[in-house]
Amino acid sequence: MKKLILMGRSEAGKTSLTQALMGEKVQYHKTQYVNYYAGIIDTPGEYAQVAKLGHALALYTYEADIVGLLCSSTEPYCLYPPNITCMCNREVVGIVTKIEDPRGNPQRAERWLRLAGCRKIFFVDSVEHEGIAEILSYLREPGEVLPWEQGGNDGR
């Protein structure tokens, strides 16, 4: 699986998405430092929100194959400036989170991510696992078999 680094403001859903992608039960946990997992790098929201810490995110992109910019559908404004994706030499995808929240506006979040420069956008609800399979399929390496494709008695 290609390595994905997740970036976004606090409470955008980075850790919840990480848990969902790893097949774990989604439960809130405040990320205090950069966490490395098998195929995911989960970063604290403060790194994206505080100018002095933003440079660290740029360095962490070198440890990943794909950068995921998260934008919750409930966010009141966009954290990302226009065309920010050109700042790193990795593919950057947009991920709209909390798509089922009644207070959310997924289309607005999508527009913000496209303005930031994301060409590929995923829509996810980590709690309900909506959109998780699409991200995992996108991260698949050539020839890699995903868990639900392995077959077996229960189809997993």
Side-chain angles (χ1 to χ4, degrees), residues 1-22 26 28-142 144 146:
M1 187 164 94
K2 295 175 189 162
K3 186 164 270 211
L4 172 68
I5 184 169
L6 300 175
M7 300 179 184
R9 81 169 77 239
S10 294
E11 299 184 20
K14 297 176 301 297
T15 300
S16 296
L17 178 58
T18 298
Q19 293 168 349
L21 288 169
M22 293 175 25
V26 175
Y28 179 75
H29 170 19
K30 172 67 181 121
T31 302
Q32 299 292 327
Y33 48 87
V34 176
N35 292 304
Y36 286 81
Y37 300 100
I40 304 165
I41 302 172
D42 183 13
T43 63
E46 290 80 6
Y47 278 46
Q49 292 171 257
V50 177
K52 290 183 180 183
L53 297 174
H55 301 290
L57 285 178
L59 293 174
Y60 281 111
T61 63
Y62 292 106
E63 308 226 2
D65 300 306
I66 298 176
V67 175
L69 294 184
L70 273 73
C71 186
S72 167
S73 72
T74 62
E75 292 186 18
Y77 63 91
C78 183
L79 180 67
Y80 311 113
N83 298 314
I84 190 68
T85 60
C86 67
M87 298 301 290
C88 69
N89 64 356
R90 300 289 187 263
E91 178 183 3
V92 181
V93 299
I95 304 172
V96 178
T97 60
K98 304 180 185 181
I99 60 171
E100 298 300 325
D101 193 307
R103 300 168 293 135
N105 186 336
Q107 292 75 27
R108 179 181 61 194
E110 176 187 14
R111 285 192 306 270
W112 286 339
L113 289 169
R114 291 206 186 278
L115 184 61
C118 298
R119 291 190 178 121
K120 178 71 176 167
I121 308 284
F122 295 96
F123 294 87
V124 300
D125 179 338
S126 297
V127 175
E128 298 298 324
H129 289 265
E130 186 174 339
I132 300 303
E134 289 82 359
I135 294 175
L136 289 172
S137 292
Y138 194 77
L139 297 174
R140 176 199 329 228
E141 295 281 4
E144 184 176 12
L146 296 173

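Heavy-atom basis, side chains included; hydrogens, waters and symmetry copies ignored.
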Just verifying a value: how many Å separate [X] [atom1] and [Y] [atom2], rounded to the nearest 0.5 Å?
X      : Y      : atom1 : atom2 : result
Asp65  : Glu141 : CG    : CD    : 6.5 Å
Glu46  : Leu57  : CD    : CG    : 11.0 Å
Phe123 : Glu134 : CZ    : CD    : 11.5 Å
Leu136 : Phe122 : CG    : CZ    : 9.5 Å
Ile40  : Ile5   : CD1   : CD1   : 11.5 Å

Going by the rule side chain to side chain donor-acceptor pair (under 3.5 Å), which residues pair with [X] if we only count those two or more places apart in sequence or in a different chain?
X      : answer
Asp42  : Thr15, Thr31
Tyr77  : Arg9
Glu63  : Tyr36
Ser126 : none

Indicate the atoms forming the closest heavy-atom contact of [X] with [Y], along with that distance.
X     : Y      : value
Val96 : Ala109 : CG1-CB, 3.8 Å
Gly68 : Leu4   : N-CD1, 3.7 Å
Ser72 : Ala12  : CB-O, 4.0 Å
Ile99 : Pro106 : O-CG, 3.8 Å
Cys71 : Trp112 : SG-CE3, 3.8 Å

Measuring only between side-chain heavy atoms, which start at C-beta, is [X] closer than 4.5 Å to [Y]?
X      : Y      : result
Ser73  : Thr97  : no
Leu21  : Ile132 : yes
Leu17  : Ile135 : yes
Cys118 : Val92  : yes

Show me the pairs that pass salt bridge (charged side-chain N to carboxylate O under 4.0 Å, His left out) and involve residues 98-113, at least two apart or across chains.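 Every salt bridge (charged side-chain N to carboxylate O under 4.0 Å, His left out) pair that includes a residue of residues 98-113, provided the two are not neighbours, is Asp101-Arg103, Glu110-Arg114.
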
Could you check Ile41, Ile95, Val67 and say which one makes a side chain to side chain contact (heavy atoms under 4.5 Å, CB included) with Met7?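 Output: one option passes, namely Val67.
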
side-chain contact (heavy atoms from CB on, under 4.5 Å) partners of Ile84, counting only residues at least two apart: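 Residues passing side-chain contact (heavy atoms from CB on, under 4.5 Å) with Ile84: Leu69, Tyr80, Pro81, Met87, Ala116.
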
Can you tell me if Gln49 uses its side chain to pair, donor with acceptor, with the backbone of Ser10 under 3.5 Å?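 Indeed, once roles are kept as given, a pair shorter than 3.5 Å links the two residues.
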
May I ask you to decide if Leu6's main-chain N or O and Thr43's side chain share a donor-acceptor pair within less than 3.5 Å?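 Side chain of Thr43 to backbone of Leu6: a pair is present.
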
Pairs where residues 82-91 contributes a residue and the test side-chain hydrogen bond (donor to acceptor under 3.5 Å, both in side chains) is met, not counting sequence neighbours: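 Counting only pairs at least two positions apart or across chains, the side-chain hydrogen bond (donor to acceptor under 3.5 Å, both in side chains) contacts touching residues 82-91 are Glu91-Tyr138.
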
